[in-house]
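Worksheet: one structure, shown below.
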Amino acid sequence: MNLKYFLRKLIQSLITIWIVLTISFILFRAMPGDPVSMFVKSDGMDPQVAKALIKEYGLHLPLHSQYLVYIKEMLLGNFGQSFSFQKPVIEIIAQRLPNTIILALGAQIFSIIFGILLGTIAASNRGKKIDVLLLGSALFIYAIPAFWLGIMLLSYFGVRLSLVPLFGMITPGLNHMSKWEYFKDVSQHLILPAMTFGLAITGRYAMIMRGALLDIFTEDYMITAKAKGFDRKYIIRNHALPNAMLPMVTVIAISLGFVVAGAIQTETVFSWPGIGTLTIKALELRDYPLLQGVFLIISLCVISANFIADIIYMYIDPRIKYE
Amino acid sequence: MEDRNILKVEDLNVFFKVNGGIVRAVENVNFQLKDGESIGIVGESGCGKTTTALAIMGMLPGNGYVDNGRIFFEGEDIINKDEKQWQRYRWNKISMIFQGAMNSLNPVMKIRRQIGEAIRLHNPTITKGEINARVVELFKLVGLDEKRINYYPHEFSGGMKQRVMIAMALACNPKLIIGDEPTTALDLMIQAQIIDLINDLRRKLNMGMIIITHDLSIISEICDRVAVMYAGNIVEIGSIEDIIENYKHPYTEKLIKAFPSIYGDKRMAESIPGAPPNPLSPPKGCRFHPRCHKSIDICKNVLPKYTSFGNRHFAACHVVKGDSLNE
Amino acid sequence: MNNDKVIEVNKLSVYFNARAGFFKDLIRKDKIMVRAVDGVDLSISKGEIVSLVGESGSGKTTMGRAILNLVHHNTGSLKFNDEAYDIKNKKWMKTFRKKAQMIFQDPYQSLNPKFMIADIVSEPLKFIEKKLSEEEIESKVVEALEFAGLKPARDYLYRYPYELSGGQRQRVAIASVFIISPQFIVADEPVSMLDASVRADIVKLMLQMKEEKGTSYLFITHDLALAWLVSDRIAIMYLGKIVEIGPAEIISGNCIHPYTQALISVLSNIDIKKKRKRIVLKGETPSPMNIPKGCRFHTRCPIAKEKCEKEEPPLIKRQKNHFAACHFSKRLI
Amino acid sequence: MSRNRFDVKLRNFRGFLRLFFSNTIGLIGFIMLAFFIIAAFLGPIVYPYDITDVAKGDILAQPSREFPLGTDQLGRDLLGALISGAKISLMVGFMGASISVSIGTIVGLSAGYIGGKVDSILMRLTDGMMVLPVLPLVMVLAALLGTSISNIILVIGLTGWTGTARLVRSQTLSFKERQFIERARCMGANNTYIMIKHILPNVFPVIFANTILVTSSAILRETTLSFLGLGDPLSVSWGQTLNGAFNNGAVSIGAWWYYAPPGVCIILLVLSFTFLGYSFDEILNPKLRER
């Protein structure tokens, strides 16, 4: 293990978190006409409540002290009180986050596996019919907005064929379910959103995998492996794939923002009670503490996932592992 | 009588299909290699020397094919082997040292595994311990520290990587090793170390060797015989002494005179006027005639046949002729 | 006597920072240095060709770049035509750039692929002689191309580099230097990327420029035989220092330093009758980050003794114009 | 002198066009894009449409002769909405992309060429931006700035430059090491001259191909924003129409004429850019063809 690399990546992640915090401070607090002070000053605001809010956000303090107070509160996980839910923001998020993680993680795992598989098939059959077909479908899927794909799947499988439930995560009104029934119900609700989400990112990963492999096929060590007497299958599996995983890990890491975008769209279409729909709700209700909390949590998740990817990279690239 | 040849290449033609037509990369190439003998193939880039080597390994790229000719290895015609048979024969019987070892080793695989996988492939019954012992033995043989068998390629310097490459080529005790520019891009001193290593191994292991290079001096250090290639043809072939001191073909002459020597007068090396022909449309007749200082009318139309100068020394030139061959 | 020197270099050192890592850099005060060039003296007379020969990592290329002020030097003094370098003075730099130029190694990289030949050759004039009319520029470009052997020049003016062969490209590079006829040229391995068959022509072209314009050259190369052929004097560099310098004939006859002797013994050579005993040095050149104490060559030297590990030998005059840095190789004192 | 030079450039440009139009995929992309551009410009003249023109027809009516693509929940004509959406998508795509690509080029070029601290800081910033989940950020920004079409273009432009910056930087780095840069320095060229005259023309083809890609992702992003309800309510984009369809139960009653056509148009428009990008890549990067 390379401590230097580990620490460098850790510090980079911390700096990114700091940048995110600062951006969010500027957006929500420091910009002229920022939402928090607008909210406090808004008509019909009870002066008593306004006073409490001013105190809570430290609005009477100069901006730089506000910034310090803000950073401290955020680091303690105190994202404030939601305007509309009258509950701490962190509680609301904690309730919703697991639902999104189920959806996103499932789709992510599915699409990484299939993306790598399909990309490998396409690259190993470069120029043949199957390659053209796979590449064509990947490009086609890339061109489809994820939410529209969701709508189309929903209207066909949900409305037309009535195979799956139309929205939500569990069927409303069903109580006292056994664990098994609950699991079955959630699974039924999960199928379409997961398919939508998974398809959208699988295409992307397959294209990138194909490109990475085609690059590697031109490397000299591929010729060495062939000269050793190995067949194509062995060479691809043992020589090309381990090398192609390096760019893949990087790409998967920087695609996480893309995954979040997919989650928000999918959740909206299928009314999945996760972070995405929460964001939309916070926007509709102009609930800024909640919006800020959601934004920060999503960023934190993406930054941590990125950090994990960097660590995985360290383990699969010997050039970094033993520097 | 000829069976003592481990390799015999007969009338080999290798062509490539490209957009603009067919490139005749190698045409009418003949040479033989006796057991334990080493031959150098010298020529400018694009003359077909690497293609010849790839044909012997059965590793021509997708658009290349053997149009004509036969290659005998230990008396067996190998040209019509199918891919499965080729796979069993590669590395086991003929292995290769590639140019630019930095890129010829897999960067994410330990050296022990890279050598070991080849040993296991060709001896499926071998145990893990035996493989390790063999890798250690090979490391000692090429002068590498055996503690480094578990290193990755980037942890070796350029010269050491080339030693790793040589150890890998020796892994299955092949009868023949092909070295494709084995010392190019290395510093002079490292180059000398590698040449010494190869000569040392040749003495110890008695294997056949083909060295492909543009640098005649490397061949003069390592090889017994030389084949000079120009635009897909072997224009002259013979022992190293015959080629360097008793060259016949005008191209060989130019090649040797282009070599600076610090012994003797300060004489600017001669350059060869013009450029090698476009492989898509080589000139008619002798392919060298547009650049040849000795060319006569017949060179423009008729491809010269080989004539013999004794002691397995042949050249193909209309102007400089030896005894004609019966064939 | 002194004023016939074009370039005079005294105790020139070029160090690069090697980053040990973010934290180590914070803790350590003594930064790890790559000592690429480590205290070198060299002078080149008018019309002289001096070759700088060494293996990769010897610092020969950095040395050439430092002389042209393309890399920053850490210590030492440099003089051009008996005038100390005044790199902060824009006017001085402009004159210097006009008179000291470089020919690069790789003609595939030294010509901008998006420029036409006419633009490549005329580019130096943009910075050096700004007041020329278009016709004057064109005639100068044509003259330079014809000098470089690209005839008829007008056929080449509006071509792109990719339409030319390696040798032709190097001719274009030479034409672009010829057009301002500098007094001094650093030629960094100018033929090593070219096919053997065209090398001689390019070298001849450079010699022709010397004949016509009295140009001086610092000829950087790894090829001893070539250096012997073209130059008046040869300097052998090892790990950032010149270990031996003298007339070109030292190569074919009486060199002193064991490193030079080893290099010559392994020289590419097809003369099978004159095969001499090769001295193949063991191991590889040490890293310039970690130069051995004492004589920097002692770790690989076949004649090294205890003294060599402790004391660094100075470059001592052994004969007229012939200097070597070795404690024990006694010949020619 | 200049006449001759002009001839060569013209010949090269013609050669490029010939190569481009001999590529089937590129040609298809070009025709598709041309179709959308013509529709965006001529459509509103040939087929006038006014968003405030409500209740002309029945509510959620099926396609008919009067309304070739049916009507929405307010009885508005959907074909008109579709045509006016083309203009908005193209506008957002092109303008958003020009902002992104300009920022990305400046950041990438300076980071790559100047190097050192400037590089570290700019790249830290870019990496930070790249890691940030862009859609939530864009949503927050759009919500705070207000939902006008110009704000949406601005927001998309300001958040979409990171890929370009990285690409331009890596290209700049590779050209910076070429000897022609050192040759220019040796002649006395200053940094600005080298960046503009030597590096930019070499990086330009890559920037151009990247612009195509950035345009299509800007179009997709606008569509997504509008669908999520953050679009400009006064400009009828395809995303806006889909938002209307989704929120007014078109999906559950199976009013496909409401939600299918805008999606198909988005796909075709994005595909046209993908095809163009693909064929430019092949022309600019001949190595790809050989592999």
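What you see is a predicted model, and the numbers here were worked out from it, not measured in a lab. Protein chains get the first letters and strands the later ones, always in sequence-line order, with residue 1 at the start of each.
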Do you know which of B:R88, B:M59, B:M109, B:M168 has the most heavy-atom pairs with chain A at a distance under 4.5 angstrom? B:M59
Can you tell me if A:Y234 has over 12 outside heavy atoms packed within less than 6.0 Å of its OH? yes
Nearest heavy-atom contact between A:P318 and B:P107 is CG-O, 3.3 Å
Correct closest heavy-atom pair for B:F98 and A:A227 would be CZ-CB, 3.8 Å
Drop me the distance from A:K228's NZ to B:E117's CD, to the nearest 0.5 angstrom. 4.0 Å
From A:N238, A:D220, A:N243, residue fulfilling side chain to side chain contact (heavy atoms under 4.5 Å, CB included) relative to B:N106: A:N243
Quick one: pull up CE in B:M57 and CD1 in A:I223 and give me the separation to the nearest 0.5 Å. 11.0 Å
With a 4.5 angstrom heavy-atom cut-off, is it the side chain or the backbone of B:E83 that approaches chain A, or both, or neither? side chain
Taking atom NZ of B:K93 as the centre, does the number of heavy atoms from other residues, nucleotides or ligands within less than 6.0 Å exceed 12? no
Other residues, nucleotides and ligands only: do more than 12 of their heavy atoms fall within 6.0 Å of CZ on A:F140? no
Side chain / backbone / both / neither for A:F230 at chain B, heavy atoms under 4.5 Å: both
A quick test of your reading: do over 12 heavy atoms of other residues, nucleotides or ligands sit less than 6.0 Å from CG of B:N19? no
Can you tell me how far the CE atom of A:M222 sits from the CG atom of B:N103, to the nearest 0.5 Å? 14.0 Å
Flag side-chain contact, heavy atom, 4.5 Å: A:H239 against B:V108: no
Give a yes or no on whether B:K175 atom NZ has more than 12 heavy-atom contacts from other residues, nucleotides or ligands under 6.0 Å away. no
Under the 3.5 angstrom rule, does the side chain of B:S104 hit a backbone N or O of A:T224 as a donor-acceptor pair? no
Chi angles and distances behind the side-chain hydrogen bond (donor to acceptor under 3.5 Å, both in side chains) call for B:Q114, A:Y221: CA-CA 10 Å; B:Q114 292 194 49; A:Y221 53 78; over 6 Å; no
Identify which part of A:I216 has an atom lying under 4.5 Å from any heavy atom of chain B, answering side chain, backbone, both or neither. neither
